[in-house]
Amino acid sequence: MAEKLNLKVMELLNGRRLSISGLTRELKAEGIEEHRLVLTGYLRALRDLELLDEVEVPPSKIYTLPEKNKDLLPDKGREVRPADPSDPEDIYLIFRNQLLKIDLDFRIPVGVYVISRLFERPCFRRELKLVGITQKHLDRYMEKPGIVCEASDSHLKKARADITKIEIPLDDPAYEIRENREEVTKLANEVLAGMIKHRIDLEGLVAKSKQTTLLP
């Protein structure tokens with residue numbers, strides 16, 4: 001649902017300026033009902049990813065679509081192309097849609113962790129950009145010691161040579177996990193499970209009523 005909500009919000013804001021109340025009404029008219037607090041948090045996450053612009057117009061916050069993101073919207077009347085797992089850009093898009101669901105503070109370490117595990121090499125800055133991490137967010141995160149550190153240049157020559165499906169700038173830094181943390185591993189597993197569910201038809205396998213307690 002998150003990727004559909006993302007697209008619907010951007011579609012509603014294309015050429016318009018709406019408050020949270022206005023978006024809530026518009027989404028409800030489209031058959032999408034979200035609690036105001038949930039929608040507020042979601043809009044702030046999109047703002048932090050620079051996918052939306054937020055303007056203070058007391059007592060409201062007004063959201064609009066940045067000019068650079070209008071190209072991300074499909075043409076009206078044209079069906080959205082499903083992500084193609086053979087297209088490397090689409091693989092990052094699927095990952096980005098799942099990463100958007102977790103807390104902003106963990107997106108960089110989880111992003112680095114998942115990419116490093118999937119591709120068995122350090123994660124390049126170009127890849128973090130593809131999954132929705134802005135340069136401002138990355139710079140702010142790297143200002144203080146954390147779970148993620150910059151990878152040594154000696155590790156990167158072979159990694160760059162192995163990447164043939166996307167372009168990695170020669171001066172692009174790469175990152176790796178300094179230490180394993182339980183919360184990062186847990187969130188990474190949730191993201192990976194979401195990616196799998198996005199690509200595989202699980203109809204007839206998933207329980208219709210969610211289990212509320214864990215089995216012993």
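Treat the numbers as computed from the prediction; the structure is a model and nothing was measured.
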**OP:** Find out if a path of hydrophobic residues (ILVMFWY) with successive side-chain heavy-atom gaps under 4.5 Å connects L12 to L43.
**Re:** yes
Subject >> Hydrophobic cluster identity match, V114 and L104, side-chain contacts under 4.5 Å >> reply: no
[atom1] of [X] to [atom2] of [Y]: how many Å apart, nearest 0.5 Å?
X    : Y    : atom1 : atom2 : answer
L130 : F124 : CG    : CZ    : 13.0 Å
E190 : I102 : CD    : CD1   : 8.0 Å
Y141 : D105 : OH    : CG    : 9.0 Å
E167 : T164 : CD    : OG1   : 12.5 Å
D103 : L187 : CG    : CG    : 8.5 Å
E183 : I147 : CD    : CD1   : 5.5 Å

Original post:
When you check the side-chain N and O atoms of Y92 and E127, is any donor under 3.5 Å from an acceptor?
Top reply: yes
Check [X] against [Y] and note the closest heavy-atom contact, atom names and distance.
X    : Y    : answer
I108 : L138 : CD1-CA, 3.7 Å
C149 : R178 : CB-NH2, 3.5 Å
P173 : E150 : CB-OE2, 3.6 Å
Y63  : L13  : O-CD2, 3.3 Å
L156 : A174 : CD2-CB, 3.4 Å
F95  : I115 : CE2-CG1, 3.5 Å

Side chains of [X] and [Y]: closer than 4.5 Å at any heavy-atom pair?
X    : Y    : result
K61  : R44  : yes
E179 : R181 : yes
S116 : I177 : no
I133 : R107 : yes
K28  : E34  : no
E176 : C123 : no

Subject >> Contacts of type side chain to side chain contact (heavy atoms under 4.5 Å, CB included), residue K136, not counting sequence neighbours >> reply: E50, T134, R140
Original post:
Looking only at atom types and distance, does a side-chain atom of R36 sit under 3.5 Å from a main-chain N or O of I20, one as donor and one as acceptor?
Top reply: no
Original post:
Is there a donor-acceptor contact under 3.5 Å from the side chain of D53 to the main chain of T64?
Top reply: no
**OP:** For the pair D162 and K158, evaluate salt bridge (Lys or Arg N to Asp or Glu O under 4.0 Å) and give the outcome as yes or no after the intermediate values.
**Re:** CA-CA 6 Å; D162 289 341; K158 184 178 186 306; 2.9 Å; yes
**OP:** Starting from the C-alpha separation in whole Å, work towards a yes-or-no answer on side chain to side chain donor-acceptor pair (under 3.5 Å) for S19 and S21.
**Re:** CA-CA 5 Å; S19 65; S21 297; 4.6 Å; no
Original post:
Salt bridge or not for E26 and R16, using N-O below 4.0 Å?
Top reply: yes
**OP:** Give the C-alpha distance, both sets of side-chain angles, the deciding distance and a yes or no for side-chain contact (heavy atoms from CB on, under 4.5 Å) between T24 and E33.
**Re:** CA-CA 7 Å; T24 302; E33 294 198 42; over 6 Å; no
Original post:
Hey, mind stepping through R126 and D172 against salt bridge (Lys or Arg N to Asp or Glu O under 4.0 Å) and telling me if it holds?
Top reply: CA-CA 7 Å; R126 163 71 174 152; D172 213 38; over 6 Å; no
Original post:
Other than I62, which residues form its hydrophobic cluster under the rule that side-chain heavy atoms must be closer than 4.5 Å?
Top reply: V55, V57
